[in-house]
Amino acid sequence: MNSKNLLVTKGLKAFVADFEILHGIDLAVGEREVVALIGPSGCGKSTFLRCLNRLHEETEGAHVEGSVVLEGIELYDRKSDPVALRRRIGMVFQKPNPFPSMSVFDNVAAGIVLQGVKNKSVLQEAVERSLRQAALWDEVKDYLDRPGTSLSGGQQQRLCIARALTVKPPVLLMDEPTSALDPISTAKIEELVAHLKEQMTIVVVTHNMQQASRISDRTAFFLYGNVVEYGATREVFTTPKNRKTEEYITGRFG
Amino acid sequence: MNSLREVHRPDVSFRWILMICAWVAFLLLTGFFIFLFDLGFPALRDLGFNLLTLEWNPPLKVFGMVSFIYGTLLTSLLALFIATPVSVASAVVLSELAPGKLAKALGFLVEMLAAIPSIVYGLWGLFFLVPILRETVMPFVQKFVGFLPIFGGPIYGVSVFSAAVILAIMVIPTITAVCREIFANIPQVQRDGMLALGATRFEMIQVAVLDSSRSGIFGAMVLGLGRALGETMAVTMLIGNRSELDFSWFAPGQTMASAMASEVAEASGTHLAALGMVGFVLLLISALVFYSTKWALKGSGR
Ligand SMILES: Nc1ncnc2c1ncn2[C@@H]1O[C@H](COP(=O)(O)OP(=O)(O)O)[C@@H](O)[C@H]1O
Ligand SMILES: [Mg+2]
């Protein structure tokens, strides 16, 4: 765990129309730390994640109140540009979502192509680096021209991770990245997270308690739009302070 | 022991209903082909390949339908050329840009437009659209590119071009509605994926919406083309019904459908049979367009 906080939310509230999904979240995430978000379905984990890269506001009728500071800069400042911001934060979704119109190569390159990179060799280098980082290079290096959607589910998800890594984001958000995958693919992605945390900060939503305890340094327990407990993963899982947390992690509700 | 193979009762009757529907559709279609071929056969017997010549002159018993085929293809393709960008853009506005309630209301209006009878389009075209085209649009175009044969010649108002414009207006709601449906079925996570990479809204639309719906948009165009190929009433009212091939789009012309509609009432004998053959060819072209697209879409993986 690192003492320097990279990402800090204060009083973060998220709405869709009049419905308040998050009720003022205060959470600090350190540099090169893996934070797991756990909690029952519908408690606002995905919404919280989507507030961190300002994706929530793309939902119709949605708005956000409060503050999110990344590397000392307020994301919800009037002057800050969500598009520029999203280029610095990677996101991986629950369901692998490679762009169906793009090849494996183009999928991975998409992020920097958006930033205007055209040079072929620069692109090639970046794609190979990302695919290696995502532990996918050896499996796809001969199939870079195939559609991204032709890969297996687990490969698609690693492709999506590679795609997120190409822009070298300091922060990676993952929303239940393994919930649609088989155990072997899941293990690969967990291993990947362990490697990636040497270079970046990762916030990962998971429904899998073992996974949370395996891969994260700190765990936040969400309940009904609040963070009920936040602390070192080992402590949250062995000596939870809140009774609700204990009930949840021992499987008595949720 | 064989319970897995046992077919449940409702499934059996459902399959029968499907079978019957399929057969009725098939028989109806072949019935149309046979009917038109039968109607047109005397012309085929008497004129043979003369049916595929340029001149159509009933008093002289000359029945070449090439100018009609040309008129049909030209008006339909021109209409598609005008309608597709407008439709795709409208569908993007409706599904990606307009706020929910407004989009719903507008979408409903678009679907209403698709259901308006073509005589209404025809009347509106004749009394509203044609004057505008004649007084403003055509002279303007002619002033700048009148040296091109397709924009040359005297301006009558009723013309191939006017017919194409009304066709475009008529197929826009169809293509828009289909495209909107296609865009609505794109998983939100595709859009999110693009936005999360730092795409602007337009870059997101380009990749996540348009690129991934290419074959669907193509299908929508074919649906529009199908409608345009056979559209009769509005075209008959606006095209000027001149059975002569003129390369100017501003000159009156004739499509297969408009030729049949405007002449069938006073036709008899070989003339009637020739019109029957025109109908047969029109049906053939429509079927050809339909099946070749099906085939093309299959080839592209859809
Ligand atoms: N677009 C939306 N419109 C309305 N309600 C939403 C929307 N997105 C999320 N919600 C609501 O917000 C709550 C939290 O959802 P979510 O963040 O997806 O929870 P989690 O990821 O923890 O399962 C749920 O009650 C859900 O119904
Ligand atoms: Mg969720």
Side-chain angles (χ1 to χ4, degrees), chain A residues 16-17 46 49-50 52-62 81-102 106-116 147-150 156-157 159-160 162-167 169 171-175 180, chain B residues 84 88 91-108 179-221 296-302:
Chain A
V16 170
S46 297
L49 218 54
R50 294 164 64 87
L52 300 183
N53 65 349
R54 295 192 58 174
L55 204 54
H56 178 65
E57 68 203 49
E58 296 290 336
T59 307
E60 176 139 6
D81 170 19
V83 171
L85 151 75
R86 289 183 201 128
R87 292 177 175 181
R88 313 204 3 89
I89 301 184
M91 189 168 204
V92 177
F93 298 81
Q94 183 168 358
K95 198 169 163 285
N97 61 343
F99 303 125
S101 57
M102 290 188 188
D106 291 341
N107 262 286
V108 181
I112 49 173
V113 168
L114 281 174
Q115 298 182 6
T149 44
S150 67
Q156 285 190 24
Q157 192 62 303
L159 179 67
C160 293
R163 182 175 73 188
L165 295 178
T166 314
V167 298
V171 182
L172 185 62
L173 310 174
M174 305 174 105
D175 193 352
Chain B
T84 303
V88 172
V92 164
V93 169
L94 288 179
S95 81
E96 309 297 324
L97 302 174
K101 275 184 192 151
L102 182 65
K104 262 206 183 114
L106 288 175
F108 181 72
C179 286
R180 198 165 84 100
E181 194 71 25
I182 293 163
F183 297 165
N185 281 318
I186 294 172
Q188 184 57 35
V189 74
Q190 288 295 333
R191 300 184 179 87
D192 286 349
M194 201 60 197
L195 289 174
L197 273 185
T200 62
R201 194 156 262 253
F202 283 94
E203 288 163 338
M204 180 278 281
I205 289 170
Q206 172 69 43
V207 171
V209 178
L210 295 178
D211 284 356
S212 62
S213 334
R214 269 190 214 147
S215 60
I217 293 172
F218 185 58
M221 287 170 67
L297 286 180
K298 221 182 219 162
S300 76
R302 275 267 179 125

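Throughout, protein chains are lettered first and strands after them, A, B, ... in sequence-line order, and every chain is numbered starting at 1.
Proximity to chain B (any heavy atom under 4.5 Å) is restricted, for A:L55, to the side chain, taken from C-beta onward. Neither the backbone nor the side chain of B:A208 has a heavy atom closer than 4.5 Å to any heavy atom of chain A. For a residue to count as touching a neighbouring chain, one of its non-hydrogen atoms must lie under 4.5 Å from one of that chain's; by this rule A:L85 does not touch chain B. For chain B, no part of A:V167 is nearby; none of its heavy atoms comes within less than 4.5 Å. When heavy atoms are compared at a cutoff of 4.5 Å, A:P169 does not approach chain B at all.
Partners of B:A220 by side-chain contact (heavy atoms from CB on, under 4.5 Å), not counting sequence neighbours, listed by chain and number: B:I175, B:V178, B:C179.
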Could you show, one pair per line, the donor-acceptor contacts under 3.5 Å between chain B and chain A?
residue : atom : partner : partner atom : Å
B:G100  : N    : A:E60   : OE1          : 3.3
B:G100  : N    : A:E60   : OE2          : 2.4
B:V189  : O    : A:N97   : ND2          : 2.7
B:Q190  : NE2  : A:P98   : O            : 3.4
B:D192  : OD2  : A:R50   : NH1          : 2.9
B:D192  : OD2  : A:R50   : NH2          : 3.4
B:G198  : O    : A:R87   : NE           : 3.0
B:G198  : O    : A:R87   : NH2          : 3.2
B:R201  : NH2  : A:E58   : OE1          : 2.7

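Between B:L197 and A:A110, the shortest heavy-atom contact is CD1-CB, 3.8 Å. Considering all non-hydrogen atoms of both residues, A:F99 and B:G193 come closest at CZ-C, 3.9 Å.
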